[in-house]
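In what follows, a structure is listed as C-alpha cells, so that the remarks can point back to it.
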Amino acid sequence: MKKILALMISVMMAATLAACGSGEKEASADASAGGGALEESAGDAGADNAPSEPAGDAGSPDASEGSDLEYVKGKGTLVVGITDFEPMDYKDESGEWIGFDADMAKAFAESLGVQAEFVEIDWDNKILELDGKTIDCVWNGMTLTDEVKSAMSCSNPYCNNGQIVIVPSDKADQYQDTESLSGLAFAVEAGSAGEAQVSALGLEYTAVKTQADALMEVAAGTSDAAVIDSLMAAAMVGEGTSYDGLSYTVVLNNEEYGVGFRKGSDLTQALNDFFAASYADGSMKQAAEAYKVQATLIEQ
C-alpha cells in the first residue's frame, strides 16, 4: 500500500510545481557560521522574498489590538497549539516535542528571539484557543480549509497532504473506492478535514479527540475504518510501523497545510518570510528529510 501514497504524493507535487513555476521568486537568508541549518535566523528576510499572494489575511493587526509580533517578543515565548500527530508533532523518548512542524516552529521562534512552547489542544476548539490568546498559533499539519482561512490569518501553504482511508490489512482489498465504503463505521478526529470528508460522503462516524485515537479505534475493532492525514498514515500505518495490522486504501482528496495566527496578525508575514528564507537555504528540506516528508514540500 505504500505505493498508493507514493503515487498520490508524486501527483500532488507535480501539480504544485506546475502552479508555482511561473511565479517563483528568489529568496535568500544569511547562514550562521558553523551553525546547524535549522538554527539559522530567518528574521532578516526581506519582503521581496515572500510569495506575493499569502493563503490568508497577512495584514497588520488592528491598532487597538497592537502587534502580535511585539506581544510574542515581549513575553519571550511563541505558544504553539498542537495535537499528537506523527510525523508533524509528537514526543520523543525524553518527552520533548519533535517532528517536522515542531522543529520548524522552534527554528521560527529562535529567529524571533523567543522560545517555542508547545500546548496540546482540543482540535475542535483551535479557533477559540487562538482568539482567547491561550496559544499564539496553530501549527500542526493544519489543512487550509475555507473555514480555517476565514477564521485565522494563515501562512502560505508549505506541505501537500490528503485524507486517506485506514482499514484492517486483511480487509483492505474490499475497500478500494468510495462506493465500497458505504456501511462502514468510521472514527475521525473531531473538527478535522477527515471529519469533513466523511460527513460530505454521508458515512457513519464517531468523532474522537485525535487522529491517533482514530487509529486506535480501528486497531481495537471498535470502528471499521478511520480517515486520517496521508502524512500520518505514511509514518504510522503498515509494515514496520506502530500499526502494522492496518493499511491505507482510498485517497479522498488533495490538501495543503498552513499555519494559523489570529486575524490580522503580523506574525503571518514574519513566518512567510521565514519560510521563504529556510526553503532557499535548504534548512526546510533538511528538516523535512529528517521526518521523511520532503516529497510533500511546497516551494516557497
Side-chain angles (χ1 to χ4, degrees), residues 1-21 23-24 27 37-38 51 54-56 80 82-90 98-108 138-145 148-149 154-166 189 192-194 196-197 211-212 215 227-238 240-241 247-260 271-272 274-300:
M1 292 303 173
K2 294 285 183 181
K3 293 181 179 178
I4 296 175
L5 188 60
L7 177 59
M8 184 199 76
I9 289 175
S10 297
V11 171
M12 290 191 293
M13 282 301 298
T16 300
L17 290 175
C20 294
E24 180 179 350
L38 276 180
V80 184
I82 60 170
T83 65
D84 190 342
F85 174 14
E86 188 176 354
M88 310 310 276
D89 293 297
Y90 62 103
I98 61 172
F100 177 62
D101 279 351
D103 285 6
M104 291 299 293
K106 291 174 188 175
F108 175 57
V138 181
W139 197 333
N140 190 74
M142 182 176 67
T143 300
L144 292 172
T145 63
V148 163
K149 289 187 285 187
C154 296
S155 73
N156 293 314
Y158 62 91
C159 272
N160 287 299
N161 181 54
Q163 296 303 309
I164 196 164
V165 174
I166 307 297
E189 181 182 47
S192 69
Q197 286 295 312
Q211 294 187 78
L215 288 178
V227 174
I228 65 171
D229 288 32
S230 60
L231 285 177
M232 185 179 195
M236 296 188 67
V237 173
T241 70
S247 297
Y248 36 83
T249 58
V250 185
V251 179
L252 298 179
N253 69 341
N254 294 329
E255 302 171 347
E256 293 177 331
Y257 282 166
V259 179
L271 180 59
N272 285 339
F274 172 80
F275 275 166
S278 59
Y279 189 91
D281 68 23
S283 57
M284 178 181 277
K285 182 179 180 182
Q286 179 181 328
E289 288 172 344
Y291 300 99
K292 298 180 173 58
V293 299
Q294 66 271 21
T296 72
L297 284 184
I298 296 174
E299 189 169 2
Q300 300 296 304

Requested in this report: Report the C-alpha distance between V259 and F108 in whole Å, list the side-chain angles of each, state the deciding distance to 0.1 Å, and finish with yes or no for side-chain contact (heavy atoms from CB on, under 4.5 Å).
Outcome: CA-CA 12 Å; V259 179; F108 175 57; over 6 Å; no
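- Atom CD of residue Q294 and atom NZ of residue K285 lie 7.5 Å apart, to the nearest 0.5 angstrom.
- Neither side chain, Q163 nor N253, offers a donor N or O lying under 3.5 Å from an acceptor on the other.
- Evaluation of the side chain to side chain donor-acceptor pair (under 3.5 Å) rule for Y158 yields D101 as partners, not counting sequence neighbours.
- Using a distance-only test at 3.5 Å, with no hydrogens or angles considered, a donor-acceptor pair links the side chain of S230 to the main chain of G162.
- Under the rule for a side chain to side chain donor-acceptor pair (under 3.5 Å), S192 has no partner lying at least two apart in sequence or in another chain.
- The shortest heavy-atom contact between Y90 and D84 is CB-OD1, 3.5 Å.
- Note that CZ of F274 is 4.0 Å distant from CE of M104, once rounded to the nearest 0.5 Å.
- Shortest non-hydrogen contact noted between A235 and T241 is O-CG2, 3.8 Å.
- Side chains of N160 and E256 form a contact here, defined as non-hydrogen atoms less than 4.5 Å apart.
- To the nearest 0.5 Å, the span separating CD1 on I98 from CG on D89 amounts to 10.0 Å.
- Put simply, the side chain of T143 reaches to within 4.5 Å of the side chain of Y257, judged on heavy atoms.
- Within the 4.5 Å cutoff, the side chain of M284 has heavy atoms near those of the F100 side chain.
- Note that the CE atom of M232 and the CD atom of E189 stand 8.0 Å from one another [nearest 0.5 Å].
- Residues L252 and V165 are in side-chain contact: their nearest non-hydrogen atoms beyond the backbone lie under 4.5 Å apart.
- With hydrogens and angles left out, the side-chain atoms of S155 and N272 include no donor and acceptor closer than 3.5 Å.
- Residues that satisfy the side chain to side chain donor-acceptor pair (under 3.5 Å) test with Y291, not counting sequence neighbours, are D103.
- For the residue pair P157 and L144, the shortest heavy atom distance occurs at CB-CD1, 3.9 Å.
- M142 contributes atom CE, which lies 12.0 Å from atom CG of D229 (distance to the nearest 0.5 angstrom).
- Between V293 and P87, the closest heavy-atom pair is CG1-CG, 3.7 Å.
- In terms of the side-chain contact (heavy atoms from CB on, under 4.5 Å) criterion, A196 has no residue partners (sequence neighbours excluded).
- Annotation: side chain to side chain donor-acceptor pair (under 3.5 Å) contacts of N140 (sequence neighbours excluded): T83.
- At a threshold of 4.5 Å between non-hydrogen side-chain atoms, the residues C154 and V148 count as touching.
- Inter-residue side-chain proximity for I298 and C159 is flagged as unmet; no heavy-atom pair is nearer than 4.5 Å.
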